[in-house]
Amino acid sequence: MTPSINNVTSSLNTELDALIIGSGVGGLVTGTQLASKGAKVLVLERYLTPGGSGSSFRREGYTFDVGASMVFGLGKKGYTNLLTRALNDIGEECSTISDPVQLEYHLPDQFRLEVNYQYKDFIACLSNLFPHESKGISQFYNTCWQIFRALDAIPLLSLEDPNYLAKVFLRNPLACLTLARWLPVNVGDVARQYITDERLLKFIDMECYCWSVMPADLTPIINAGMVFSDRHAGGINYPSGGVGTIAEKLATGLQRYGGAIRYKSRVSEIIIKDEKAIGVRLSNNEEIYARVVISNATRWNTFGTLLNKSYIPKTEKTWSKRYKPSPSFVSLHLGVRAEAIPLNTHCHHLLLESWNEMEAEQGTIFVSIPTLLDPSLAPTGRHIIHAFTPSMITGWENLYSSAYFQAKKTSADRLIHRLESIFPGLNKGITNLEIGTPRSHRRFLGRQQGTYGPIPAMRLPGLLPMPLNTTEVERLYCVGDSCFPGQGLNAVAFSGFACADRVGADLNLN
Ligand SMILES: Cc1cc2nc3c(=O)[nH]c(=O)nc-3n(C[C@H](O)[C@H](O)[C@H](O)COP(=O)(O)OP(=O)(O)OC[C@H]3O[C@@H](n4cnc5c(N)ncnc54)[C@H](O)[C@@H]3O)c2cc1C
């Protein structure tokens, strides 16, 4: 536990309370929460715009989302709508378009399924496909609801803040005990308790893989409880104007509350003095000091690059044995003629032709067509297709100019060919094509190996080993998808609330 640092007098007499490295949604939620508590906050962002993997970019009349586009956490009720809450806390809100179907699965052997917002419809369709498992299906998803209801019943702050834990336990002991019970459990264990059909278990694997990039045995049930239930509760809501609007509004609110954000400011080193983080050095050698430093970079970047090796704590070495970087992605950002999208198509799709390929290099394809929800993202008569598939950076390293270009083209052609099974004639309808590789993700997002985030390197007890926000280095905190509870915009918002709560306690701001 980090000791209170309120009384530590800095010989540098700094004006800033918190320096945040990175303006991803995790960093921005931390920054805005701290600013709203009265802290003086500066966010340093290496890129030109805020949002990291949750940003958008504009090209030739199109607004493309860099990564995320299936957005949880923008609902109106409960406590799990953390993006809505983060925005409201600083006087901002996003207008949204609700998505009636979270996802349409296109799986091997003609296995088609829509995940409807209406829970009953989803369960009825799945039970129709597996009538002999209908009881097990209900029991499995009911367990997820139990977890979601517990999460949604309590304010979600820092598990490292004893005051919060005491208050929340007194207020709702049952919810706390429910969450504690499921914390060390993975989805596979629960699924096999109720379901025996191998094909259905493969589907549960895919239900997990499509957001955790892990099969059910390695996916914590707490996260599944959130995803599998909230899609039928708060729902999937697309922010009008593109996903990047969320980060842009957080950045606006941050400034309204006296915080500041500097772009094109790459942090090259976290400065340590007397074994405490006291500031950062930028790539232009400028030094900035603050009472605390919060890193929104991945853990591999934070402890592998930004911190001098002699300060790397033992706990981080243990962490890097337990977790490894997930693959990055090959991404296609397509502008297509409207006719290329059949009538009544849904926004999100997942395509896999062979179960053995689920985790394979460029196996599963994720598809998003956000213009079906917000046509203003593309010129009239056009749609956007964002298709991406997991890919390791190793296959892309050491490819220079024409070889790299050719590898990109080969990947893109293969993806487009496969997508024609959902969108016949797609190839002919393409008017714009941007191809991103793991190298693009590394370059533009500053993420080691372009990774989507940490995944277990071995079977772990659910979410239990996932690190929280404090680190073994005094006054250095981490936030974002390398922290509890992991990847996803709403998950990193949770991490941001928790980080601000813990830092707020340490700075006596709560
Ligand atoms: C292709 C793809 C699809 C996805 N789809 C979804 C989805 O549908 N739904 C969903 O909820 N989630 C999705 N995600 C995941 C989600 O986008 C991420 O988990 C989340 O945005 C991560 O936020 P973060 O704050 O942890 O970090 P990041 O978004 O990585 O932000 C970190 C920021 O820090 C900056 N930075 C890094 N190092 C430095 C430095 N040294 N100095 C200054 N700045 C620095 C970076 O430039 C970046 O802006 C997707 C991700 C990808 C890549």
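Every number for a ligand or one of its atoms is a count from 1 in the order of the listing.
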Please determine whether any non-hydrogen atom of Ser265 lies less than 4.0 Å from an atom of ligand 1.
yes
Are any of the side-chain heavy atoms of Pro467 and Thr315 separated by less than 4.5 Å?
no
So between Val66, Asp481, Val227, whose heavy atom ends up nearest atom 26 (O) of ligand 1?
Asp481
To check your reading of the model: name the closest protein heavy atom to atom 6 (C) of ligand 1, its residue, and the distance in Å.
Ala68 CA, 3.1 Å
Identify the protein heavy atom lying closest to atom 12 (N) of ligand 1, giving its residue, its atom name and the separation to 0.1 Å.
Gly488 CA, 3.4 Å
Considering non-hydrogen atoms of the protein only, which is the closest contact for atom 29 (O) of ligand 1, and what is the distance?
Ser53 N, 2.8 Å
Answer whether the closest heavy-atom distance between the side chains of Asp481 and Arg447 falls below 4.5 Å.
yes
Suppose we measure from atom 37 (C) of ligand 1 to each protein heavy atom; which comes out shortest, and what is that distance?
Arg46 CD, 3.8 Å
Distance from atom 46 (C) of ligand 1 to nearest protein heavy atom, with residue and atom
Leu445 O, 3.4 Å
Tell me which protein heavy atom sits closest to atom 41 (N) of ligand 1, plus the residue, atom name and distance to 0.1 Å.
Val267 O, 3.0 Å
Min heavy-atom dist Ser69 to ligand 1 below 4.0 Å:
yes
Looking only at distances, can you tell me whether any N or O atom of His386, backbone or side chain, sits closer than 3.5 Å to an N or O atom of ligand 1?
no
Over 60° means perpendicular and under 30° means parallel, so tell me whether Phe366 and Tyr209 are parallel, tilted or perpendicular.
parallel
Against heavy atoms of Gly480, which atoms of ligand 1 measure under 4.0 Å?
26 (O)
Considering only heavy atoms, does Leu44 approach ligand 1 within less than 4.0 Å through its side chain, its backbone, both, or neither?
backbone
For Met70, is at least one N or O under 3.5 Å away from an N or O on ligand 1?
yes
Within ligand 1, which atoms have a heavy atom of Val492 less than 4.0 Å away?
22 (C), 23 (O), 26 (O)
Strictly under 4.0 Å, does any heavy atom of Ile21 approach an atom of ligand 1?
yes
Location of contacts on Ser368 toward ligand 1, heavy atoms closer than 4.0 Å
neither
Strictly under 4.0 Å, does any heavy atom of Ser328 approach an atom of ligand 1?
no
If you measure from atom 21 (O) of ligand 1 to every heavy atom of Val25, Val43, Leu489, which option wins on shortest distance?
Leu489
Closest to atom 47 (O) of ligand 1 among protein heavy atoms sits Glu45 OE2, 2.6 Å
Should Phe303 and Thr471 count as side-chain neighbours, where that means a heavy-atom distance under 4.5 Å?
yes
Nearest protein heavy atom with distance in Å, relative to atom 15 (C) of ligand 1:
Tyr452 CE1, 3.6 Å
How are the rings of Tyr323 and Trp319 set relative to one another: parallel (under 30°), tilted (30 to 60°) or perpendicular (over 60°)?
parallel
Near Gly54 (heavy-atom distance under 4.0 Å), the atoms of ligand 1 are 21 (O)
